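Down below is the structure, laid out as structure tokens.
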Protein chains: 2
Amino acid sequence: MTSPVRLLLADDEHLIRGALAALLGLEDDLVVVAEAATGPEALAMARAHRPDVAVLDLQMPGADGVRVATSLRAELPGCQVLIVTGHGRPGHLKRALAAGVRGFVPKTVSAQRLAEIIRTVHAGNRYIDPELAADAISAGDSPLTAREAEVLELAADGAPVAEIAERAALSPGTVRNYLSSAVTKLGAENRHAAVRLARERGWV
Amino acid sequence: MTSPVRLLLADDEHLIRGALAALLGLEDDLVVVAEAATGPEALAMARAHRPDVAVLDLQMPGADGVRVATSLRAELPGCQVLIVTGHGRPGHLKRALAAGVRGFVPKTVSAQRLAEIIRTVHAGNRYIDPELAADAISAGDSPLTAREAEVLELAADGAPVAEIAERAALSPGTVRNYLSSAVTKLGAENRHAAVRLARERGWV
DNA sequence: GGCCGCCCCTGACATTTGTCATGGCGAGTG
DNA sequence: CACTCGCCATGACAAATGTCAGGGGCGGCC
């Protein structure tokens, strides 16, 4: 038999991470060599233990799964990355794939299934959850231009136009124009509803 | 030895639920008799299997953990409820306690620890995560009146004042006044920031 | 080179907001 | 009973926001 697949597990929820480590450890061709609770910690552990597959939660303190994946691809090209997420939004999937992630699954899969997917990813293949993939396709690409998205993001926390303008180094009038066109493109009632929509679709 | 503690596990994330079931099942004084992925399902399973302790995720499709807990207290008074949550917000803890929940812990605890807490709760005692308790105390009570909270909630999705007024059966002027006083009380810049703050503190 | 889309700005306008002053009504409290 | 507080409303004014009509510059593409 070939040597077991060495895993890195990163999730800020200890309950899940521990449980997962226990269950995956039961599979005799998988072995968990490191665990982490934050993005930076995951990177450090990866450097130290050089796992074959990194199973990363999408939302972690410090740096999210995609950011970690990006660094990982650069530093440990031999390490495949699998992202696990609670509530997957279409945009994340797109970002993840762009970052070189090989697998993307929701936490609604069973541990048994996850083990299979880990093997798939380790073999060099990709695995994207069909439902998430369908969502991503139906949501389509963002109709927003770079500036529109940027301004919309700055508007996310309810900041007034003047502040957005300052932070984006734009004139207030321009900001209102971008906001207006973004709102129109998204078919929203106002900028705040637009922010919500864009978030839901992962466009910000 | 006394008979084992019968558990109901409810969480929409199959990965976690399954892993948890496996780990808790290893404890020889605990036995998982039912699992559910949604609020209504959890209720149905509880009715069918009459567990001693129900371990509920706070956020589930259908009905959240607190709502399920409320129904459970009414229908199965002998069943203790323990709520597990990913990102605990102060207000939820307060609502949960009001609903008769006996335990409230974040998902950052270990499975070992969770098992102990289940025993504590089953023995009729309460267990509240110290950190969440501290947050709840420091956040304090909502300074908002019932109407202010209601109007603020209706304003959550970025609806214009006119729509809020109609939905709340109030005059637009009144709505603006409530919004204004809520914003002032929360020390926010505008209604949208106020909504965010109130959400963070669990006041809406 | 002309066309088009994105970028950035200006100015003007209507609408929507936030804020303030003010008043009446009912419930609970000293 | 007077007082306070929450509730609901009106009206008025200032500020922020949404919308429209422009115009100039830049880069890619037929």
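Basis for what follows: all heavy atoms, side chains included, without hydrogens, waters or symmetry-related copies. All values derive from a computational prediction rather than experimental measurement. We name chains A, B, ... by the order of the sequence lines, and we start the count at 1 in each one.
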Next on the checklist: Once side-chain hydrogen bond (donor to acceptor under 3.5 Å, both in side chains) is applied, do any residues pair with B/His192, and if so which ones, sequence neighbours excluded?
Outcome noted: A/His192
Filtered N/O pairs between nucleotides 4-7 of chain D and protein, under 3.5 Å:
from  : atom 1 : to       : atom 2 : distance (Å)
D/dC7 : OP2    : B/Thr145 : OG1    : 2.5

Item to check | Inter- and intrachain pairs under salt bridge (Lys or Arg N to Asp or Glu O under 4.0 Å), touching residues 186-198 of chain B, at least two apart | outcome: B/Arg196-B/Glu200
Checklist entry - Going by the salt bridge (Lys or Arg N to Asp or Glu O under 4.0 Å) test, which pairs reach into residues 172-185 of chain B, not counting sequence neighbours? => result B/Glu148-B/Lys185
Next on the checklist: Could you work out, with salt bridge (charged side-chain N to carboxylate O under 4.0 Å, His left out) as the rule, every residue matching A/Arg119, not counting sequence neighbours?
Outcome noted: A/Glu27, A/Asp29
Next on the checklist: Strictly by side chain to side chain donor-acceptor pair (under 3.5 Å), give each pair with a member in residues 166-175 of chain B just once, sequence neighbours left out.
Outcome noted: B/Ser171-B/Thr174
Checklist outcome for this item: Overall bend of the helix from C/dG1-D/dC30 to C/dG30-D/dC1 (five pairs an end, 10° steps) is 30°
Going by side-chain contact (heavy atoms from CB on, under 4.5 Å), name the residues that satisfy it together with [X], two or more places apart in sequence or in a different chain.
X	result
A/Arg126	A/Leu97, A/Arg102
A/Glu35	A/Leu9, A/Arg17, A/Ala21, A/Val32
A/Ala46	A/Leu8, A/Pro51, A/Leu72

Item to check | Spacing between A/Ile164 atom CD1 and D/dT17 atom C1', to the nearest angstrom | outcome: 11 Å
Polar-atom pairs under 3.5 Å, protein N or O versus N or O of nucleotides 20-27 of chain C: list them with distances, or write none.
from   : atom 1 : to       : atom 2 : distance (Å)
C/dC20 : N4     : B/Asn177 : OD1    : 3.1

Checklist outcome for this item: In numerical order, the residues of residues 189-197 of chain A whose heavy atoms come under 4.0 Å of DNA chain C are none
